[in-house]
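Atoms within a ligand are numbered from 1 in the order they appear, just like the ligands themselves. As the structure is a computational prediction, the values presented were derived from the model and not from experiment. The figures that follow rest on heavy atoms only: side chains count, while hydrogens, waters and symmetry mates do not. Position 1 is the first residue of the sequence; numbering continues from there.
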Amino acid sequence: MEKSKVLITSIPVGSYKDVEEKLKKLNKKPGPFDAILVLGEKDLDVQDIDTIELSPLYFFASNDKTDLNSKESSGDVTFLNNYGMYQLSNGLKITYLMLTGKELIEQKASIVKYFSTIDKPVDIFISFEWSVAIAKNKGRILGNEVVDDVVKLLQPKYHFSNGDKSSYLEYNPFKWDNTDVITRFLNIAEYKSKEKWAYAVNIDLNLSQFDQEIPENLIQNPFTAENTKENKGENSNVVEYSKRFNDDELITERKIKKQKTVLPTNCHFCFTNPNVEDHMFISIGNHSYLTIAKGPLSVPKGEMDFSGHCLIVPIEHIPKLNNGQDSDTIKNLNEEITRYEKSVADMNYTKYDMSTVTFEIHSSKSVHYHEQILPVPKYLIMKFQTALDRQVYLNNEKFQNNAKLSFQEYKQTDNEYLEIIDNVESNFFRFKIYETNEAEPRIFIAMFKSEERIDLQFGRRVLSFLLKLPKRMKWDSLICQQTKDQEIQEVKKFQKGYKSFDIVN
Ligand SMILES: [Zn+2]
């Protein structure tokens with residue numbers, strides 16, 4: 001079977017010279033490549049490129065209004081602008097759509113018309129923007145519906161984007177109805193982002209490659225999932241599936257069926273799970289425990305030589321605090337959680353001069369309730385409301401399928417607040433702000449209905465915006481990952497600072 005080896009890279013303006021040697025090396029191994037595809041920018045440094053010895057190299061400019069559908073050659077470099085199709089001599093078919101935002105919408109009719117004439121199979125599709133279907137599933141604000149239309153038309157084997165320059169992402173493969181084609185979507189981070197900026201792929205030029213076994217991690221097709229009622233129901237299981245810290249990863253079709261209920265034996269927070277990561281535990285109480293966070297958002301700051309990002313988790317496998325248990329159980333659990341919360345806020349304030357924010361989701365669709373706690377520098381805590389408003393605006397305006405959020409501020413003793421948390425039917429997002437160790441916390445609540453789709457990363461989104469740590473938004477991004485040893489060190493440092501505040505003594 002004939003295969004074609006291709007390298008896809010994302011290189012910012014002005015950096016081409018820095019990268020050239022690296023590309024040459026890559027072209028030796030894992031190359032040589034039939035093509036090196038460079039996702040670039042407007043205003044490429046053409047002079048730089050004139051000097052390259054690599055061949056063949058294709059540049060995709062994000063757009064260039066003067067050159068509609070142009071293919072312009074400069075030595076061994078071919079520039080591909082706007083949108084079109086390019087076929088290598090070995091038959092590899094590359095399609096591209098480099099327009100953005102408004103241009104896409106304005107030219108939608110001609111774009112769709114153009115791509116509907118292209119014969120399948122299509123090996124590679126490159127777009128600057130993401131499809132809405134995938135952006136939404138990943139909780140991103142990126143995405144343009146015209147890209148969705150084109151992906152559905154082309155059903156490419158690979159869809160590459162550099163719309164998110166700061167993070168690398170590999171989306172699980174999915175299959176199209178009525179064909180054997182499996183599509184993989186990858187977002188290539190930009191060179192200098194510290195994430196993966198070059199991706200080598202060996203593409204089988206025959207479609208029959210898909211006679212081979214179906215990948216283990218095959219997921220429901222995000223482009224067709226929205227179209228049927230039944231699938232809409234399954235989508236809501238995204239909410240139910242919590243891989244340790246409510247990550248937004250999608251579920252394989254098999255998992256959707258199997259993991260409708262996550263049992264304590266395979267729940268990431270349950271002691272009965274033999275794989276529970278108990279090296280992360282800081283303190284264990286009677287009804288709940290305190291653990292460091294996987295992929296912490298915050299970073300060591302000032303006197304605090306650990307991230308300070310921790311979680312309070314009930315020992316019992318319950319989706320939310322008020323899950324219809326008897327009132328004593330709820331009372332005891334709530335009391336202990338509040339004590340843990342205050343003890344951490346106390347440590348943050350008295351020992352490290354930091355304020356504290358907690359956030360959590362109360363939903364009957366959660367797997368195992370947990371509350372996140374983060375230290376926030378005092379000079380930033382004043383900006384909490386602004387950060388919250390900003391993210392609410394984005395949630396409500398950009399994610400059309402998300403539940404619309406509206407936060408109300410309460411004091412702990414407000415009757416309305418007590419009614420909300422006492423009602424077993426309530427589903428809500430909650431933030432608590434401990435500006436100091438003594439003042440009562442400010443509480444912000446936004447209610448939603450259990451059947452509504454919610455952004456599981458909303459709390460982390462607000463905090464990453466507030467803390468000005470956008471690159472650490474995703475807990476599973478490379479930058480946030482810690483080794484087991486690093487986690488053990490985190491726990492040791494946390495325990496050292498927390499010792500005199502620990503509620504368990
Ligand atoms: Zn559990």
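Taking the N/O/S atoms of His368 in turn, the shortest distance to the Zn ion (ligand 1) belongs to ND1. Residue-level check: among N/O/S atoms of His317, ND1 sits closest to the Zn ion (ligand 1).
In this structure, Phe431 has its ring center closer than 6.0 angstrom to the ring center of Phe407. No close placement of the Phe429 and Phe359 rings is indicated, their centers lying 6.0 Å or farther apart.
The Zn ion (ligand 1) forms the vertex of an angle spanning SG of Cys270 and SG of Cys267; to the nearest 10 degrees it equals 120°.
Annotation for Arg472 and Pro296: closest pair NH2-O, 2.8 Å, computed over non-hydrogen atoms. Taking both residues in full, the closest heavy atoms of Val462 and Ala387 are given as O-CB, 4.1 Å, listed atom of the first, atom of the second, then distance.
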